[in-house]
Asker: 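Sharing a structure here in structure tokens format.
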Protein chains: 2
Amino acid sequence: MLRKVDKHSGVPAYLQIVNMIKSEILLGNLQKGSQLPSIRDLQVIFDVNINTVIKALEKLKNEGYIESEQGIGYFIKKDIDVEEGVIKIIRECVTKLKNSRIDYYTSMLIFEEVWKNE
Amino acid sequence: MLRKVDKHSGVPAYLQIVNMIKSEILLGNLQKGSQLPSIRDLQVIFDVNINTVIKALEKLKNEGYIESEQGIGYFIKKDIDVEEGVIKIIRECVTKLKNSRIDYYTSMLIFEEVWKNE
DNA sequence: TATACTGTTATATAATTATATAACACTATA
DNA sequence: TATAGTGTTATATAATTATATAACAGTATA
């Protein structure tokens with residue numbers, strides 16, 4: 001689920017963290033209302049500096065995905081809606097693509113370009 | 001096709017340029033053997049500094065997508081294979097997703113997470 | 001040959017991102 | 001109350017990314 005940041009991808013680490021947590025919430029793997037691991041645990045999980053974790057969590061807070069309580073922890077907000085139909089469509093697409101042996105990175109590139117141009 | 005870089009996306013501009021050109025090649029919108037616009041034209045198209053364009057083109061050159069000729073220009077290599085089946089699958093997926101009103105960014109997040117976890 | 005295009009290389013500066021490190025404040029609990 | 005866990009704030013430094021700018025070198029053509 002939550003995994004190390006890819007330090008060679010070119011995408012800033014704090015953004016990778018934001019994206020990872022956000023999508024886990026949307027996929028329902030991180031449940032609404034539940035508590036995230038502590039900042040210092042996340043620092044180990046993502047393999048980054050504590051300030052980088054904080055920067056990511058601040059962004060998620062500003063975007064309304066999580067909230068924090070001083071001295072207690074970070075919690076996933078309860079008013080986020082998860083789109084089941086959409087997830088099914090994407091799962092099917094990914095399955096087909098993996099069978100065709102295209103790699104992840106190339107699929108994403110084509111996906112992006114098709115989306116933005118058509 | 002080739003469009004301005006998104007300076008607020010967090011993704012380095014030179015990488016956005018690399019991705020854009022790479023996927024246009026894979027989609028067949030930039031034909032094999034054809035010449036790219038000049039560096040100074042690309043600078044205007046992408047709205048970045050000339051050094052940023054050069055950095056992107058150097059990367060594409062290293063990855064074998066394009067080649068350059070001093071005083072003449074940049075050309076798309078001829079030995080790149082475009083995956084037609086894959087493109088069809090992705091086009092269908094994008095069409096469905098757009099009908100369900102999910103936004104691009106969220107789809108990409110879910111796409112990434114599904115791909116990497118399943 | 002002169003000119004106007006190409007790509008190439010270089011330097012200096014600024015902004016962004018990431019790290020290391022420390023200290024402070026709140027909460028729960030032994 | 002003492003302690004160990006939370007989040008929060010701050011400072012200094014380094015690496016990466018992007019800009020502005022200039023100069024140089026190869027190619028095609030009038």
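Quick note on labels: first sequence line is chain A, next is B, and so on, each numbered from 1.
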Asker: When you get a sec, tell me which of D:dT8, C:dG7, D:dT6 is the closest nucleotide to the side chain of A:Asp41?
Answerer: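 In terms of side-chain proximity for A:Asp41, the closest of D:dT8, C:dG7, D:dT6 is D:dT6.
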
Asker: Can you measure A:Arg40 atom CZ to D:dG5 atom C1' for me and round it to whole angstrom units?
Answerer: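 Checked: the CZ to C1' distance equals 9 Å.
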
Asker: Quick one: does A:Lys55's side chain have a donor or acceptor within less than 3.5 Å of a partner on A:Ile50's backbone?
Answerer: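 Between the backbone of A:Ile50 and the side chain of A:Lys55 there is no qualifying donor-acceptor contact (under 3.5 Å).
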
Asker: Which of residues 51-71 of chain B sit near DNA chain D, with a heavy atom under 4.0 Å from it?
Answerer: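 The answer is B:Asn51, B:Thr52, B:Lys55, B:Gln70, B:Gly71.
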
Asker: Between B:Gln35 (side chain) and B:Ile72 (backbone), is there a donor-acceptor pair under 3.5 Å?
Answerer: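 Between the backbone of B:Ile72 and the side chain of B:Gln35 there is a qualifying donor-acceptor contact (under 3.5 Å).
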
Asker: Can you name the closest pair of heavy atoms from A:Gln16 and A:Ser9 and give their distance?
Answerer: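 Scanning both residues completely, I find the closest heavy atoms to be NE2-OG, 3.0 Å.
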
Asker: End-to-end bend of the helix from C:dT1-D:dA30 to C:dA30-D:dT1 (five-pair axes, 10° rounding)?
Answerer: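 It comes to 10° between the two terminal axes.
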
Asker: Between A:Tyr105 and B:Asn19, is there a side-chain donor-acceptor contact under 3.5 Å, judged purely by atom types and distance?
Answerer: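 Yes, A:Tyr105 and B:Asn19 have a side-chain donor paired with an acceptor closer than 3.5 Å.
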
Asker: What's the verdict on salt bridge (Lys or Arg N to Asp or Glu O under 4.0 Å) for B:Lys96 and B:Glu92, showing C-alpha distance, side-chain angles and the deciding distance?
Answerer: CA-CA 6 Å; B:Lys96 285 182 196 169; B:Glu92 284 169 359; 5.9 Å; no

Asker: For D:dA20, does the base pair up with any side-chain atom of B:Asn49 as donor and acceptor (N or O, under 3.5 Å, distance only)?
Answerer: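 Such a pair is found, so the answer is yes.
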
Asker: Quick test of your reading: applying salt bridge (Lys or Arg N to Asp or Glu O under 4.0 Å), list the pairs with at least one residue in residues 20-41 of chain A, sequence neighbours left out, ordered by first then second residue.
Answerer: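 Qualifying pairs, neighbours excluded: A:Lys22-A:Glu63.
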
Asker: Given atom CD1 of B:Ile72 and atom C1' of C:dT6, what is their separation to the nearest angstrom?
Answerer: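 Distance check: B:Ile72 CD1 to C:dT6 C1' gives 8 Å.
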
Asker: Given C:dT19, is OP1 or OP2 found less than 4.0 Å from the side-chain N or O atoms of A:Tyr14?
Answerer: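 False: A:Tyr14 side-chain N/O out of range (4.0 Å or more) of C:dT19 OP1/OP2.
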
Asker: Expressed as a whole number of angstroms, how long is the span from A:Gln43:CD to C:dA22:C1'?
Answerer: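 Nearest whole value for this atom pair: 13 Å.
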
Asker: Does this structure show an ion pair linking A:Lys61 with A:Glu58, if we count only N-O contacts that are shorter than 4.0 Å?
Answerer: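 A salt bridge is present here (some side-chain N lies under 4.0 Å from a carboxylate O).
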
Asker: When you measure from the side chain of A:Lys7, which nucleotide among C:dT19, C:dT8, D:dA18 comes out closest?
Answerer: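 Among the listed nucleotides, the one closest to the side chain of A:Lys7 is C:dT19.
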
Asker: B:His8 NE2 to C:dA15 C1': how many Å, rounded?
Answerer: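 Atom NE2 in B:His8 sits about 14 Å away from atom C1' in C:dA15.
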
Asker: To the nearest Å, how far apart are B:Ile50 CD1 and C:dA10 P?
Answerer: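 The distance from CD1 of B:Ile50 to P of C:dA10 comes to 15 Å, rounded to the nearest Å.
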
Asker: Measure from the side chain of A:Ile39, starting at C-beta and using heavy atoms only, and say which of C:dG7, D:dG7, C:dA28 lies closest.
Answerer: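 For A:Ile39, the side-chain atoms sit closest to D:dG7.
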
Asker: Find which nucleotide of DNA chain D each of A:Leu36 and A:Gly10 is nearest to by heavy atoms, and output the residue with the more 5' nucleotide.
Answerer: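 Checking each residue's closest nucleotide, the 5'-ward one belongs to A:Leu36.
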
Asker: How close or far is atom P of D:dT17 from atom CD of B:Gln16, stated in whole angstroms?
Answerer: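 Taking atom P of D:dT17 as the reference, CD of B:Gln16 is at 13 Å.
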
Asker: Side chains of A:Asp103 and A:Thr106 only: does a donor on one sit below 3.5 Å from an acceptor on the other?
Answerer: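 Yes - a donor-acceptor pair under 3.5 Å links their side chains.
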
Asker: So, A:Lys59 side chain and A:Ile54 main chain: donor-acceptor pair closer than 3.5 Å or not?
Answerer: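 No: the side chain of A:Lys59 does not pair with the backbone of A:Ile54.
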
